[in-house]
Every structure is written in C-alpha cells, then in structure tokens.
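Reviewing the structure listed below.
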Amino acid sequence: MYQMRIFTLRDGTKRKIKIEEGMTLQDELKKAGITESDIFQMQLVIQDEKMQS
C-alpha cells in the first residue's frame with residue numbers, strides 16, 4: 001500500500017503526488033510545484049498496489 005495526496009487548486013485543477021515516508025507538507029508542496037495559497041482542498045488517498053492494473 002502507498003499513500004497519495006490529491007490537491008484541488010483554486011483554479012479547479014488537480015495535482016496528485018505519491019507521498020514518500022518522512023515527507024513534510026512543505027516537501028509535498030515542492031514536489032507538486034504549488035504553494036499553500038494555491039490549495040482549495042487536500043485529500044489523502046491510501047492505495048492498495050494490488051488493485052492497480
């Protein structure tokens with residue numbers, strides 16, 4: 001299983017990143033190429049790798 005964060009931005013677009021162990025929110029934002037003020041909503045998704053085809 002792995003964790004993924006989905007950022008919905010103020011302009012309506014979405015950015016998804018895979019979260020690596022030990023990442024801070026600031027690391028996640030840098031990886032996604034966004035700032036805190038760009039974010040409208042954040043969602044954490046836990047994905048089972050077996051479910052992917």
Side-chain angles (χ1 to χ4, degrees):
M1 291 197 323
Y2 65 93
Q3 294 180 340
M4 167 169 76
R5 177 98 55 201
I6 302 172
F7 296 99
T8 302
L9 307 182
R10 292 182 184 271
D11 65 4
T13 61
K14 292 187 178 190
R15 301 273 176 95
K16 283 194 239 182
I17 63 162
K18 185 174 179 180
I19 299 175
E20 299 164 17
E21 190 173 332
M23 286 182 83
T24 65
L25 178 60
Q26 294 304 318
D27 294 334
E28 294 177 25
L29 296 175
K30 188 174 182 179
K31 186 173 182 178
I34 58 176
T35 63
E36 280 188 62
S37 61
D38 295 328
I39 299 170
F40 173 70
Q41 178 180 333
M42 295 187 319
Q43 181 178 8
L44 178 65
V45 177
I46 299 172
Q47 186 71 43
D48 187 354
E49 292 182 38
K50 296 176 186 173
M51 297 295 234
Q52 293 204 345
S53 314

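Numbers here simply count residues along the sequence, with the first being 1. Model, not experiment: these values are computed from the prediction.
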Is there a side-chain contact between [X] and [Y] in this structure, where contact means two heavy atoms from C-beta onward sitting under 4.5 Å apart?
X: L9; Y: K14; answer: no
X: K16; Y: R5; answer: no
X: E20; Y: Q3; answer: no
X: L25; Y: M42; answer: yes
X: F7; Y: L29; answer: yes

About how many Å separate [atom2] of [Y] and [atom1] of [X], when rounded to the nearest 0.5 Å?
X: I17; Y: I34; atom1: CD1; atom2: CD1; answer: 7.5 Å
X: Q47; Y: M1; atom1: CD; atom2: CE; answer: 10.0 Å
X: M23; Y: K30; atom1: CE; atom2: NZ; answer: 10.0 Å
X: D38; Y: D11; atom1: CG; atom2: CG; answer: 8.0 Å

Report task. Give a yes or no answer on whether the side chain of R10 reaches the backbone of F40 with a donor-acceptor pair at less than 3.5 Å. Result -> no
Query raised in the report: Excluding sequence neighbours, so at least two apart, what forms side-chain contact (heavy atoms from CB on, under 4.5 Å) with E21?
Result: none
Report task. Return yes if a side-chain donor-acceptor contact under 3.5 Å exists between Q26 and E36, otherwise no. Result -> yes
Query raised in the report: Is the NZ or CZ atom of K18 positioned over Y2's six-membered ring, under 6.0 angstrom from the centre and within 45° of the axis?
Result: yes
